[in-house]
Every structure is written in structure tokens, then in C-alpha cells.
Number of protein chains: 2
Amino acid sequence: MNVRLMHTNEKIAAVFAATLKLIHTNGFHGTPMSKIAQESDVAIGTIYHYFPSKDDLIFALFKHCRSILNDYIFDGIKEDFDYKASFFHVWRNFVQFYLENGRIFSFFEQFFSSPYYEKNKAEIQEPVGGQNKVLDFLQEGIDKKILKQVNVHLLVASYIGVALSTVHSIKFKDLHFSEQNMQELMEIIWDGAVNRNKNN
Amino acid sequence: MNVRLMHTNEKIAAVFAATLKLIHTNGFHGTPMSKIAQESDVAIGTIYHYFPSKDDLIFALFKHCRSILNDYIFDGIKEDFDYKASFFHVWRNFVQFYLENGRIFSFFEQFFSSPYYEKNKAEIQEPVGGQNKVLDFLQEGIDKKILKQVNVHLLVASYIGVALSTVHSIKFKDLHFSEQNMQELMEIIWDGAVNRNKNN
DNA sequence: TGCAACCGAATGAACGTTCGATTGATGCAC
DNA sequence: GTGCATCAATCGAACGTTCATTCGGTTGCA
């Protein structure tokens with residue numbers, strides 16, 4: 001059973017990898033099942049053995065990628081980090097993840113902007129890329145009076161919004177990734193989010 | 001000729017409107033030329049009379065929508081506005097435009113996240129939604145030492161990024177549009193962007 | 001008369017999905 | 001330990017549908 005399961009996983013992993021690659025380069029459009037089969041070296045019949053339909057495949061791939069992202073962004077937070085250090089660290093991880101996983105970024109962008117997402121939103125529960133963990137983290141900052149005393153979703157929109165458009169800018173060469181740029185961006189968000197009625 | 005041009009415009013306008021509507025509800029995927037023809041009451045042959053291919057139609061629609069956006073966001077700036085007031089005003093217009101034109105927002109999101117955009121980026125010149133006018137405006141703030149002395153693209157990413165994710169949050173019901181929320185968001189961006197070494 | 005605007009049935013390619021066949025591992029009966 | 005039944009995993013040709021695009025024809029203004 002162990003061997004069989006591994007084998008299974010290899011097939012599925014190959015299908016996921018091929019789908020991600022094809023969607024990244026050709027888009028949702030230019031990614032027919034036939035090409036996924038070809039690219040992954042898994043027969044079409046086999047893909048349909050695991051996924052009832054193309055939509056189910058895409059959906060499963062989404063969940064798979066999201067869990068990878070979730071594992072990544074809160075990784076490496078040290079006990080001795082104060083809130084600001086964690087604020088910077090998570091944001092940086094978020095940007096770094098997407099830069100290192102351009103195919104996932106591409107896939108997410110397309111997934112979230114398709115009506116496909118809109119239709120299955122109820123089932124997806126968690127919003128964009130680990131945002132509810134982010135939401136909890138930002139709520140903590142509000143509760144501790146470190147961040148502005150506003151609706152947490154305003155801060156989420158700022159925190160995530162700037163990260164996403166930063167990755168976008170880097171991807172399309174308007175901006176280049178450098179330590180200084182990241183530092184300055186984090187300061188922009190921090191200065192915007194921080195509670196100015198209480199110095200910390 | 002005037003009449004003919006008007007007639008032409010009516011057909012094209014109907015095609016544009018139908019395409020926008022279909023892409024909004026069914027996505028890039030579920031928008032075949034046949035349905036565009038049906039929805040717009042323009043024969044397929046006629047559409048192909050004006051646009052050599054479906055890609056050309058999408059491309060033309062994109063340029064059309066972008067010019068509408070550009071006209072909109074810098075509208076209503078009064079002579080007596082100081083920089084901060086303009087900063088707020090433009091951002092608000094930006095958000096408001098997308099909220100009032102949900103179909104265009106949908107279309108842009110899908111357009112920019114498709115490899116279609118990536119491939120034609122060179123021809124598009126102007127980046128996302130009037131960003132170069134925005135870029136000039138933010139550069140002005142840097143030059144006047146009102147905004148942080150950083151690469152202007154960092155500020156563009158913040159300014160636009162927060163606006164887009166705000167619209168997204170409102171669209172997907174995480175956030176509701178209210179005067180207070182908009183005010184607080186603008187303050188978040190302003191506090192982040194402003195040059196804190198020089199009080200103004 | 002010429003030409004741009006307009007039409008929609010027809011075409012051929014491409015797509016998602018199905019299905020019957022094959023393989024090999026597992027478990028049960030004897 | 002041998003024979004047999006079962007079943008998940010695998011395969012890819014074939015199917016029916018849907019798509020972007022073409023083209024031959026009509027209309028009506030200049």
C-alpha cells in the first residue's frame with residue numbers, strides 16, 4: 001500500500017506540476033487536458049481516474065498550492081520577535097513566496113480573477129492566500145493598540161494589497177527586487193498601519 | 001459619414017457592452033464569439049468585419065476601457081486642492097470607478113492576469129489602469145518632498161495595490177463601502193507614503 | 001456602379017469527457 | 001501454494017460538442 005500510495009502521489013504530483021507550468025505559460029485558456037497529459041506523462045484516462053473533471057483538477061490544485069503558501073508565510077518567526085519584526089517578517093515571506101513560486105502566483109491570479117472562484121467561493125472558506133491567518137495576526141496588533149484602531153479588513157487590504165502589487169511590479173519589471181526596496185516598502189505599510197496616537 | 005460612423009459606433013458599442021457583460025458573468029472561458037453576437041444583436045460576420053480576430057476584439061475593448069478609466073480618475077480636481085486633497089481625491093476616484101464599473105474591474109483583472117497581457121505588454125505601453133498618470137502625480141509629491149524620498153514605483157505599488165485589494169474586498173463582501181472606511185484607508189496610505197522628516 | 005456594412009450557415013480544428021481493455025496487486029478458498 | 005475473483009490503476013482511441021473563423025451573398029448609401 002505504501003508503494004502504491006507513493007506511485008499515486010507521483011502521478012498526481014506530475015499532473016499538478018504540468019498543470020501549473022502550462023497555466024503559467026499558456027494561461028487557463030491554453031491548457032487543455034490533452035496537453036496536461038502530454039506534459040505530465042500521465043494518460044488522460046488516468047487523470048480522469050483521480051479527478052472527475054477539469055474543474056475538479058483545478059480546484060484540487062488550488063487547495064494544494066494554498067496549503068504550501070500557508071505553511072510558508074508564518075515560517076521562521078522567532079520567539080524573541082516583537083510585533084513589528086513579525087509584521088515585517090510575514091510580509092516579506094509573503095512576497096518572497098510568490099517571487100520564488102512564479103507559477104503559483106500566476107495560477108492564483110488567474111484563479112481568483114476567474115468567475116470560477118466567485119462560484120465556488122462558499123466552498124473555499126479561507127480567502128486569498130492564508131489571509132485568515134494574516135487577519136488574526138493583524139487583529140492581534142489592533143487589540144494590542146499597536147496598529148490603528150480600525151476594521152481589520154482595512155489593514156488586511158493594505159497589507160496584502162501592497163504585497164501583491166509589489167510582486168506584480170517586480171514580475172513586470174517596473175520594480176526590481178532589492179533589500180532596500182523591500183525595506184522601504186515595509187516601512188510604508190508599517191507607517192500606514194501603525195497607531196500614531198500611541199508611540200511604540 | 002457622420003451617420004455611418006454613428007451606426008458603426010453603435011454596433012461596436014453593443015459588441016463591447018456584450019463582451020464586457022459576458023466576461024464578467026462567464027469569464028474569458030465562457031465567452032465565445034457566438035454568444036457575443038447573440039447578446040449584442042450583431043452578426044458574427046459583422047464583428048469580424050471590425051475585428052480581425054477575437055484577440056483583436058479583446059485588445060480593442062481593453063484600450064477602450066482604459067481610456068474611460070483615465071478620463072475618470074483625474075476628473076473633478078479643483079484648482080484650490082492642495083497635494084493631500086488631490087492624493088485623496090484621485091485614490092477615491094480610482095476605487096469608485098471600479099465599484100461603479102464592476103464589469104470593467106472583472107475584465108481588467110482577468111485581462112492582466114492572463115498571459116495575453118504578458119505577451120502584448122510591449123504594445124500596451126501604459127501599465128495598469130492609468131498608472132502612468134498616477135506615476136507622474138506621485139513623482140510630483142516626491143519632488144516636492146511631500147512624499148517619502150523613495151523610488152516612485154514603491155509608492156505606485158502601494159497606492160494602486162491598496163485600491164485594487166480594497167475593491168476586491170468590497171466585491172467579495174469582506175468589507176463594505178462606507179465613507180468612514182474609505183477615509184481610514186486613505187489615511188493608512190497617506191501615513192505610509194508621506195515624508196515624515198518634513199511635517200506638512 | 002462600387003464599396004463598405006452587414007449577415008449567418010458552413011467548416012474544420014480543438015476541446016472535455018467516455019469507455020472498453022490491460023495490468024498487477026490483494027485476498028480468499030481449497 | 002495454487003487457482004481464482006476482485007478491483008484500483010493505467011491507458012489512449014473515439015465521441016460528440018463547441019469553438020473561432022471563413023465566405024458567399026445581400027443591402028443601401030455615395
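Everything numeric here is computed off the predicted structure, so don't read it as measured data.
The shortest non-hydrogen separation linking Val162(A) to Ser158(B) is CG2-CA, 3.9 Å. Of all the heavy atoms in Ala14(B) and Val42(B), the pair that sits closest is CB-CG2, 4.4 Å.
Residue Thr46(B) places its side chain closer to dC7(C) than to any other of dT10(D), dC11(D), dC7(C). Nearest nucleotide to the Lys11(B) side chain, out of dC19(D), dG12(D), dC7(C): dC7(C).
Counting to the nearest Å, the P atom of dG16(C) and the NE2 atom of His49(A) are 20 Å from each other. Distance Phe51(A) CZ to dG16(C) C1': 16 Å, rounded to the nearest Å. Residue His29(A) contributes atom NE2, which lies 17 Å from atom P of dT18(D) at whole-angstrom precision. For the pair Leu57(A) CG and dG16(C) P, the computed distance is 10 Å after rounding to whole Å. With rounding to whole Å, Lys35(A) atom NZ is found 19 Å from dG12(D) atom P. If you measure from atom CG of Asp41(A) to atom P of dA9(D), you get 19 Å, rounded to the nearest angstrom. Distance Ile36(B) CD1 to dC6(C) P: 17 Å, rounded to the nearest Å.
Taking the six-membered ring for Trp and thresholds of 30 and 60 degrees, Tyr116(A) and Phe111(A) have ring planes more than 60 degrees apart, a perpendicular arrangement. Ring geometry, Phe112(A) versus Phe108(A): the interplanar angle exceeds 60°, so the pair is classed perpendicular (tilted spans 30 to 60°). Aromatic ring pairs are classed by plane angle as parallel below 30°, tilted from 30° to 60° and perpendicular above 60°; the pair Phe137(B) and Phe87(B) is tilted.
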Would you sort out whether Glu187(A) and Arg196(B) count as a salt bridge (Lys or Arg N to Asp or Glu O under 4.0 Å), showing the intermediate values?
-> CA-CA 11 Å; Glu187(A) 271 158 26; Arg196(B) 306 184 74 181; over 6 Å; no
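Residues from residues 14-28 of chain B lying near DNA chain D, meaning a heavy-atom separation below 4.0 Å, are absent.
Between His24(B) and Phe107(B), the gap from one ring centroid to the other reaches at least 6.0 Å.
Lys148(A) pairs by the side chain to side chain donor-acceptor pair (under 3.5 Å) definition with Asp191(B), not counting sequence neighbours.
Between Glu118(A) and Lys171(B), the closest side-chain pair of non-hydrogen atoms falls below 4.5 Å.
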Polar atoms only, N or O, under 3.5 Å: list the protein pairs with nucleotides 17-20 of chain C and their distances.
unit_1	atom_1	unit_2	atom_2	d
dT17(C)	OP2	Tyr48(A)	OH	2.8
dT17(C)	OP2	Lys54(A)	N	2.8
dT17(C)	O5'	Tyr48(A)	OH	3.4

